[in-house]
Amino acid sequence: MVKLTIDNQTVEVPEGTTILEAAEKLNIYIPTLCHHESLTPYGGCRLCVVEVTQNGVTDLTSSCTYKVEEGLKVKTTTERVKRVRRLVLELLLVESPEAQIVQDLAMEMGVRRPERLKPRKDDLCILCGRCIRACREVVGVNAIDFAERGYSKKVAAPFYKSSPDCIACGVCFYICPTGAITMREVEKGEKARIPEGEEVTGPARIIYNWKVGLAMKRCKKCGEIIAPEFQLEYLRKKVNLPEDHFDICPSCRE
Amino acid sequence: MSSLKDLERLKAEGMNSLFPSKTKIMVGMATCGLAAGAQEVWQNLHQEVKKRKIDVLVKKTGCIGLCQHEPLVDILKPGYPRITYDRMTPEKVGEVLDDLVKGKFKKAIMARIDQEEFLLDDTRTRYSKGKIPAYITSILPYKRLPFYKKQKRVALRNCGFLDPESIAEYVAKGGYFSLVQVLRGGKPEKVISQIKRSKLRGRGGAGFLAGVKWEVCRNADGDGKYLICNADEGDPGAYMDRSILEGDPHSIIEGMLIGGFAIGADQGYIYVREEYPLAIERLQIALTQAQEEDLLGKNILDSGFDFEIEICRGAGAFVCGEETALIQSIEGNWGEPKPRPPFPAVSGLWGKPTVINNVETWANIPVIIAKGAHWFNGLGTSRSKGTKVFSLVGKVNNIGLVEVPMGISLREIVYEIGGGIPNGRKFKAIQTGGPSGGCIPKNLIDLPVDFDELKKAGSIMGSGGMIVMDDRTCMVDVAKYFLSFLEDESCGKCVPCRVGIRRMREMLEDITSGRGREEDIDYLQQMAEAVKEGSLCGLGKTAPNPVLTTLHYFRDEYEAHIRGKRCPAGVCKPLIIYSIDPENCTGCGVCLRVCPQGAISGRKKKPHKIIPSKCIKCGACFEVCTFGAIVIT
């Protein structure tokens, strides 16, 4: 166990715990954006920065990535910390002014978009990389990744083409904090077009960002939609289930 | 090779090659020489030698530092000092060869070199033992050229003095004897303690104590440790590492071997950018030679120590010079930095303890082993030991690579080594530390150059770029230039760097276009400070330095742009107007002929005029007018 203090409160946590997790234990709130408890810490949004003092040296660091150390002193609300958090939110208000979570966090901290900077209205994606990490670490598919670098950076399927690996599981859609990923369920018999691609007839699921539209599997007994065919096939192979395993929906199986 | 005897044999071979019994002609064939036309000189030299049937050796060598004078050709004729011709052309080759055949060198010689220094052995060998003709003794020895007078070449000890494609010549200069010494001693801890005592600080940027890093890595748990040479030099205008790689590749290999033995690693990587093809080629040759001599591989020199080195080519991302991004790149991932801790010395490449040092750091290692920590400690200042290589570029007379003891003043570098500012202009500032360094103004010209002093002045040592600026340089424009570079090179992982640099650059764009607002200065300052604090890696943490230092030292220029809508240095095009002063104009017509837009009119011997609507403010007229009649307002 490792003992440290956060905002003058002492806490003891197992080795390998991050400052963010230790703070949660003390009910100390640290705002986050790119962090998700099921994913590897990324440290990209810089919203969770805190001030740490160890061996007489004080520095700012991201609490989601910093592992606790014995005797570490952490401060979560100093002026330095607030200044960086304000900057991050100001910049995100400029980049993704429509993102609800950014607006909420800014409101919470009393941050407003600086008059001097013109907002860009078109992009909800804040490049937190949660979709990429979820696709890689949780689903294990690796269908998407970052493309370009710096200010031109974006999340995309390889070469901006239709992703050949996407199984339309929708994890990226659900884990995105800003709603930057557009996914649509195409109803039975309905027709819809995949971006830069062909027309699909429902039941199907389209994820616009990765330019994929995949058919949904229906239960052979009741006809209800279960999940995308590719996703079920991926799962079936991964856990080595019999070929007809997903032919019937869970409720009909019971 | 398995013993000291074998090394001595190679040394003897190398001495014969360094001081051959017949005339040797050496051509400076580093990238700086090649860019100035050394390849053509080299080819023509071969042809002319063949045509004239002269029995001479023609060899390549690295950069001796005086890049402004390239291509450099040296002639080493037995009985004579080594003589250097500068600015050689294929045409001049014939004349020089004629002189050589006649036995009297008539062609203007830039400098003579009387003796070859062997830094590691602490010996000197004279090129000529006999009487030297008076016309040659009247030429200045190179050490007395102002450019070299204050230099102390340690990392660059061999550059320009040996054939980088010859392992024997490297050994003749004392190379690989440090490795033998270390392996025979058999005590890695002793090596680490020596490097620690030398107080050598990493030459790549942050200036962390190399010995401490090595010790942390050696003591870190786990088997399988790695060692990396960071050769991903990417600062605009800086080429210290390239020069060492091209001019003395074996010094890096020997440094890494010693490091590998000290920390207990058996695999090293050299991460070098693809844009350095010649450096890669020479490194590859050097690695093959070292393998053939069994200086790489299993059971090196019968000591039981195994070590391999692999070259890893980077695709030219500036951020991959940051150590955690570099590791990601070697692993085949996105070149994105990771938050530290864990530090690479504890968990680096493939999660194993890893030491990363840059090229210049590795080149210093064999010297410290050979000459001792105490010797190294004798050079430099109290907290910055040894020497530092700088690439001195910009508005300075002697452009080139210089290596000076730490603590030398900027004034000595600019005015003595650099020979001052060209065209009678005034010194304004010097930019150190590459794009993320800072601009130091002229009132700090006596600042001693070391890690701490530069930091105090708001800049950094960085890897050693030095850009001299004259009074025709606009500091707001300079800040904008560096931010555009960094905006382009930011990996985009963290918000402050990705968006902050972009927004600051846009604000500078506005200021230099006359759209700046009064509140911009404060807002820039505020944002720059927050980006510095909040960014994830060294790139973002130092990116605001150009803005912060120019705001600090040249605030009046920002104010002139914003309030007066004028650019005092006459650089920012939207804010300047070119005109001709009729008092000074003699009507010579030079400006009229050089103007690419036909924007100048006037009759001969009558004052000319610039037509503002046609003028694109290229400055061509300003450059050619010798009467000072072109006025920028």
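Note on naming: letters A, B, ... go to the chains in the order of the sequence lines (proteins, then strands), and numbering restarts at 1 for each one. Only this structure's heavy atoms are used, side chains among them; waters, hydrogens and symmetry mates stay out.
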Hey, does [Y] have a side-chain heavy atom less than 4.5 Å from the side chain of [X]?
| X | Y | answer |
| --- | --- | --- |
| B:M507 | A:L117 | yes |
| B:P339 | A:T61 | no |
| B:E533 | A:R46 | no |
| B:D488 | A:Y151 | no |
| A:F146 | B:K493 | no |
| A:S62 | B:L536 | no |

>> Can you tell me how far apart CZ (B:R503) and CD (A:E90) are? Round to the nearest 0.5 Å.
In response: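 The CZ atom of B:R503 sits 12.5 Å away from the CD atom of A:E90.
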> How long is the gap from CG on A:L91 to SG on B:C497, to the nearest 0.5 Å?
Replying inline: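 So the gap between those two atoms works out to 11.0 Å.
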> Quick one: of A:L60, A:L33, A:V81, who has the most non-hydrogen atom pairs under 4.5 Å with chain B?
Replying inline: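 With the most close heavy-atom pairs to chain B, the winner is A:L60.
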> When only pairs under 4.5 Å are counted, which of A:P41, A:G129, A:A147, A:C34 shares the most heavy-atom pairs with chain B?
Replying inline: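 Highest number of heavy-atom pairs under 4.5 Å: A:A147.
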Would the number of heavy atoms belonging to other residues, nucleotides or ligands and lying under 6.0 Å from [atom1] of [X] be above 12?
| X | atom1 | answer |
| --- | --- | --- |
| A:R112 | CZ | no |
| A:F230 | CZ | no |
| A:R113 | CZ | yes |
| A:K161 | NZ | no |
| A:K75 | NZ | no |
| A:K3 | NZ | no |
| A:R80 | CZ | yes |

>> Do the side chains of B:E519 and A:R116 get close enough for a salt bridge, i.e. N-O under 4.0 angstrom?
In response: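 Looking at B:E519 and A:R116, the cut-off is not met.
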> Got a salt bridge between A:E95 and B:R502, using NZ or NE/NH1/NH2 to carboxylate O under 4.0 Å?
Replying inline: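 B:R502 and A:E95: not salt-bridged.
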>> Quick check on A:E148 against chain B: is it the side chain, the backbone, both or neither that has a heavy atom closer than 4.5 Å?
In response: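 Only the backbone of A:E148 comes within 4.5 Å of chain B.
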>> As an exercise: rank B:E489, B:Q526, B:E529 by heavy-atom pairs under 4.5 Å with chain A and give me the winner.
In response: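 Between B:E489, B:Q526, B:E529, the count favours B:E489.
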> Given A:E115 and B:R517, is the side chain to side chain contact (heavy atoms under 4.5 Å, CB included) satisfied, shown in steps?
Replying inline: CA-CA 12 Å; A:E115 298 258 315; B:R517 299 182 207 169; 5.6 Å; no
> If only atom types and distance count, is the side chain of A:K67 paired as donor or acceptor with the main-chain N or O of B:P341 below 3.5 Å?
Replying inline: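 Judged by distance alone, no pair lies under 3.5 Å.
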> Contact part of B:V319 toward chain A, heavy-atom cut-off under 4.5 Å: side chain, backbone, both or neither?
Replying inline: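 Neither part.
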> Looking only at heavy atoms, which two atoms of A:C45 and B:V495 are closest? And how far apart?
Replying inline: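 The answer is O-CG2, 3.8 Å.
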>> So which atom in A:K153 and which in B:C491 form the shortest heavy-atom distance, rounded to 0.1 Å?
In response: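 Nearest pair, atom of A:K153 first, then B:C491: NZ-O, 3.0 Å.
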>> Between A:D59 and B:R340, is the salt bridge (Lys or Arg N to Asp or Glu O under 4.0 Å) condition met? List the steps.
In response: CA-CA 12 Å; A:D59 211 352; B:R340 298 177 302 187; over 6 Å; no
> Passes side chain to side chain contact (heavy atoms under 4.5 Å, CB included), A:L87 versus B:V531? Steps please.
Replying inline: CA-CA 8 Å; A:L87 171 83; B:V531 169; 3.9 Å; yes
